[in-house]
2 protein chains.
Amino acid sequence: MGRGKIEIKRIENTTTRQVTFSKRRGGLFKKTKELSVLCDAQIGLIIFSSTGKLWDWCTEPFRMEQIIEKYQRSTGARILERDHHPRETLRLELGIQRYLGEDMGCLQYEDLSKLEQELENSMAKVRNRQNELLQQQLENLRRKINDQEQRAVMEFEKATVEGSKAVHAMDHHFPFFEEQPTGSILQLACPVLPHLQYPYLQLAQPNIQDSLRAHNHNN
Amino acid sequence: MGRGKIEIKRIENTTTRQVTFSKRRGGLFKKTKELSVLCDAQIGLIIFSSTGKLWDWCTEPFRMEQIIEKYQRSTGARILERDHHPRETLRLELGIQRYLGEDMGCLQYEDLSKLEQELENSMAKVRNRQNELLQQQLENLRRKINDQEQRAVMEFEKATVEGSKAVHAMDHHFPFFEEQPTGSILQLACPVLPHLQYPYLQLAQPNIQDSLRAHNHNN
DNA sequence: GGCTATGGATAACA
DNA sequence: TGTTATCCATAGCC
C-alpha cells in the first residue's frame, strides 16, 4: 500500500487517522458497491467514525431498514426498538386521530390550517376517484344499451318484410341517453352524494366567517 | 485488477459470479476490519448473497444488534419487530393513507362515499376548532383593549381637574371593535383561510356533477 | 483535495 | 482452491 506497508493497528496520530479514515472509507464503499453490483448481493454497511459520525450505504433500491429486518429474520436477532411498540402504535393512532379531527387541543392555528388543507386535498382525491368510477359505469352502460339497440334493430329487420321502413320507426324507441343521460346509472349504482345535499361550509359563527371573507377580499 | 479490468455490472456467468463473490467478499471483510482497527471505527457489515445466504461482521467487542440500535438512534430509522408488530403498524399506516386519499384503487364507490363523509366531518371539526381559536383571540384582545381603556380613563381622571367632562370625551377614542370588529385580529394571528378563497367543490366533470345535483333534487 | 510510488487485491486460468 | 499478471487502493507528502 502506498509508500510502504503499514501495520494494522490503531493509528495514534489524530490527523493521520482522520485522513486515512476518509480515504479508506471511500475505498470501502466503492468495493462494497462493486461487490453488490457484480455479484447481485444485498449489502448493508454501517460505519461510525471514532467521533461518532455515521456513514452508511446499502444496496439499492432497498433501504437499510429492510436489510436490517432481513438480518433479524435470518439470525433471529432482537433489536430493541427506539420507542417501543406502544409508543409507536400510539404515534400512528394519533396520526389517524388527526385526520379524524380529534384531539385538536394542542394544535396551533397554523397547524389547523395545514391539516385543513390536507383534508381538502384528500377529499378532492376521493371525489375525483368517485368521478372516475361514475364515468366508467356510464361508459359501460352506454355500450350495453348500444349493443341492445343494435340487436333490436337486427331482430326487427329480420322479423319484418318491409325492412327499411321499420328501422326508421325504431329510431324513436331508444332516445334514452339524450333525454335522461344519467338517471338509470344512478339508480344502478350510486348512493346519494352527500356533499351535494347541503351547503358545504357551515361555520359555527356566520358573522366571523363573513368578516373573514370580507378581509380576504380586501387583501 | 487481475488479468485486466472488468466492467462493474452483474456477472451473468453463475460460476464466475460465485467465485468473484467469494474472493471479493473476503477482500471486503479484510478492508472492513482494517478500517475498523486503523481508524478506531465501529462498523457493521451485512451481506446477503444472491442465493440469500448471510455473511456479516461487526467491530469487536460489539454485537451487530448494538450497531443496529445505535444506527436507529442516529437516523431515527424504524425497524419493524419480527412478529406481531409489523402487521399492526401496517394496518395503522394504511389507515392514515386512507385519510390522505392515497391508494384508492381497491375501494368501491360506497367506500369512497363513506370516506368522503369522514373527511367532511373531520374538516368540519377542524374548522370549528379554528373558529374557537379565533373567538378566544378576539376575546383576549377585547379584554386587553378594555383594560387599556380603563387605565386611560383613570389616568385621564387623575391628570385633569374637571374629571367628569374628560371621561365623556374619551368614549369616542375607543370605538375600535364597533367599526372594524375583526380586522386587527386577522392581522395579528390569522393566515388567509383557503376555503374561503376559491369555490369549494371542483369536480373534474362539471356536467356529471350537474346531472347528479339534478338527480338529487328530483329524489 | 491532488500527486505518486508501492503493496495489495483480484480476473483469468489451471 | 492455487497461481500469477495486472490494475488499483492508498501512505506519505503537498
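The sequence lines fix the lettering, A, B, ..., with proteins before strands; numbering per chain opens at 1. Computed from a predicted model, the values in this text were never measured in an experiment.
Scanning all heavy atoms of the two residues, the minimum distance from A/Phe48 to B/Ile67 falls at CE1-O, 4.1 Å. Across all their heavy atoms, B/Ser36 and B/Thr59 have their closest contact at OG-OG1, 2.9 Å. In this structure, A/Gln66 and A/Pro61 approach most closely via the heavy-atom pair OE1-O, 4.3 Å.
Comparing atom distances between the A/Arg3 side chain and each of D/dA9, D/dG12, C/dG7 picks out D/dG12 as nearest. The A/Ile6 side chain lies nearest to D/dA11 when the options are D/dC7, D/dA11, C/dT10. Of all nucleotides listed (C/dA9, D/dG12, C/dA12), C/dA9 comes nearest to the side chain of A/Lys31. Comparing C/dA9, C/dG7, C/dT10 by their nearest atom to the side chain of A/Lys5 picks out C/dG7. Distances were taken from every side-chain heavy atom of A/Lys23 (C-beta onward) to each of C/dG8, C/dG2, D/dG2; the shortest belongs to C/dG2.
Both A/Gly4 and A/Leu38 lie near DNA chain C, and the one whose nearest nucleotide falls closer to the 5' end is A/Gly4.
Considering CG of B/Leu45 and CH2 of B/Trp55, their distance stands at 12.0 Å, rounded to 0.5 Å.
Atom-to-atom, NZ of B/Lys9 to P of C/dA11 comes out at 15 Å; the value is rounded to the nearest Å. Distance CG (B/Asn13) to P (C/dA12): 10 Å, rounded to an integer number of Å. Spacing between atom CD of B/Gln18 and atom P of C/dA12 amounts to 16 Å, rounded to whole angstrom units. The interatomic distance linking B/Lys30 (NZ) with D/dT10 (C1') rounds to 13 Å, in whole Å. Between the P atom of D/dG12 and the CZ atom of A/Arg24 lies a distance of 10 Å, rounded to the nearest Å. With rounding to whole Å, A/Leu28 atom CG is found 15 Å from D/dC8 atom C1'. Summarising the geometry, the separation between CD1 on B/Ile8 and P on C/dT10 is reported as 10 Å, rounded to the nearest angstrom. Atom CD of A/Glu7 is separated from atom C1' of D/dA11 by 15 Å (rounded to the nearest Å).
Taking only side-chain nitrogens and oxygens, A/Thr20 comes nearer than 4.0 Å to OP1 or OP2 of D/dA11.
In this structure, the side chain of B/Gln18 does not engage the main chain of B/Thr15 through any donor-acceptor pair within 3.5 Å.
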